[in-house]
Amino acid sequence: MCQSQYKDMNKVTIIGAGMVGSSIAYSLVLKDTTEQVAIIDLNEKLARAQVMDLQHAAAFSGKTVVKVGSYEDCADSAITIVTCGAAQKDGQTRLDLVKQNTAIIKEIVPQIFAQNPDSIVLMVTNPVDVLTYVAQSLFPEHKNQIIGSGTVLDSARLRHLLGEELAIDPRSIHAYIVGEHGDSELPLWSAATIGGVKLGMPHVGSGICENLSDQRKKELFDAARNAAYAIIEGKQATYHGIGAAAEQIARAILYDKRTVLPVSHAMEGDHGLQDVCLSMPAVVGRGGVVGRLCADITDAEREQLQMSAQTLRTCIDKVL
Ligand SMILES: NC(=O)c1ccc[n+]([C@@H]2O[C@H](COP(=O)([O-])OP(=O)(O)OC[C@H]3O[C@@H](n4cnc5c(N)ncnc54)[C@H](O)[C@@H]3O)[C@@H](O)[C@H]2O)c1
């Protein structure tokens with residue numbers, strides 16, 4: 001499908017005008033991804049101020065209309081992005097936010113679908129996997145339309161670190177962090193490649209990939225997994241990275257790009273996982289998750305993935 005076919009039906013509503021919601025809006029505006037962005041927040045003064053600031057940015061980049069919104073804006077929005085709720089504070093894990101943010105999600109997701117049963121709901125609020133599951137359990141008929149940003153950001157962090165280490169453009173690196181968007185996540189090294197060459201495997205060539213030892217891979221993964229803690233310690237919140245990540249997910253949906261992204265979605269038996277939402281690479285298009293990929297992973301990776309799922313399941317059981 002060509003991009004112009006979706007031109008008149010690509011409005012995005014963002015709920016939450018805080019650091020994350022405004023950064024996602026900023027990415028959408030700068031990349032001219034959508035015709036219109038509506039922003040909703042309980043704090044109307046904040047929403048108004050963010051909208052004014054974004055309108056000024058839009059004057060440099062394209063013709064995106066940015067406005068203060070209400071739930072009625074969901075009615076003609078292709079995507080509603082949920083960013084409202086409590087954010088991690090220094091020393092908190094994402095799972096610590098679960099009770100407070102579950103209550104918010106239970107209140108707002110019905111309002112979205114009441115306006116527009118066809119909307120794609122992109123969950124960004126943490127703990128994103130648990131909240132994606134909570135929203136799906138409220139609306140099982142819309143399961144594929146409800147996805148979480150998952151480990152799209154975490155995987156970008158890993159690709160950035162690998163790119164710096166190996167002096168390769170991160171966009172040429174295929175490497176995924178999967179599982180929980182949080183402490184139990186894991187890297188799928190068995191599926192990580194550059195130019196078709198597996199990372200850390202001996203091969204004939206320039207020596208770029210085989211120079212990465214297991215120890216170094218572990219250090220790079222630890223740095224990617226712990227990046228949010230380091231950023232929050234330094235500036236209280238992370239937002240530019242998720243702003244760019246959510247824009248990429250929104251673009252895949254709005255223009256039916258069928259991009260492979262590690263978004264959080266319902267597991268349906270792959271690798272022995274079900275009744276949980278977590279990230280594995282999936283095909284993302286106009287209908288949300290429009291295809292599933294079952295990577296050929298090692299037994300050790302499968303075991304770790306199952307432990308990550310168990311961590312999430314335990315958290316889900318506390319709130320449902
Ligand atoms: N998924 C990811 O990769 C990722 C990355 C970074 C942050 N986050 C998460 O995003 C969320 C937002 O973070 P932030 O830094 O923007 O927080 P923030 O405190 O800056 O903004 C949250 C906003 O939500 C609003 N809000 C709260 N309840 C609301 C409701 N019922 N309806 C409408 N608005 C409401 C608040 O007024 C506030 O403006 C957090 O849960 C954070 O952990 C996720």
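We count ligands from 1, going down the list as the structure has it; atoms in each ligand are counted the same way.
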| Which bit of Ser149 gets closer than 4.0 Å to ligand 1, counting heavy atoms only: side chain, backbone, both or neither? | side chain
| Within reach of ligand 1, part of Arg94 (heavy-atom separation under 4.0 Å) | neither
Counting both backbone and side chain atoms, is some N or O of [X] under 3.5 Å from an N or O of ligand 1?
X      : value
Met19  : yes
Asn43  : no
His181 : yes
Gly150 : no
Thr125 : no

| Quick one: are Thr151 and Tyr176 in side-chain contact, heavy atoms under 4.5 Å? |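 Result no, sub-4.5 Å side-chain heavy-atom pair not found.
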| Numbering the atoms of ligand 1 from 1, which are under 4.0 Å from a heavy atom of Leu46? |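 Counting atoms of ligand 1 from 1, those under 4.0 Å from Leu46 are 39 (O).
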| Atoms of ligand 1 less than 4.0 Å from Leu153 heavy atoms? |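 Selected atoms, number and element: 3 (O).
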Starting from [atom], what is the nearest protein heavy atom, named by residue and atom, and what distance separates them?
atom                    : value
atom 10 (O) of ligand 1 : Val20 CG2, 3.8 Å
atom 40 (C) of ligand 1 : Ala86 O, 3.2 Å
atom 26 (N) of ligand 1 : Cys84 CB, 3.6 Å
atom 43 (O) of ligand 1 : Asn126 ND2, 3.0 Å
atom 19 (O) of ligand 1 : Gly85 O, 4.2 Å
atom 6 (C) of ligand 1  : Thr238 OG1, 3.2 Å
atom 11 (C) of ligand 1 : Thr83 O, 3.5 Å
atom 38 (C) of ligand 1 : Asp41 OD2, 3.5 Å

Inspect the contact between [Y] and [X] and indicate whether a charged nitrogen and a carboxylate oxygen are less than 4.0 angstrom apart.
X      : Y      : answer
Glu268 : Arg292 : yes
Asp214 : Lys218 : no
Asp32  : Lys63  : no
Lys11  : Glu35  : no

| query | Is NZ or CZ of Arg313 both nearer than 6.0 Å to the six-membered ring centre of Tyr133 and within 45° of the ring axis? | reply |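 Yes; both conditions hold, so Arg313 lies above the ring face of Tyr133.
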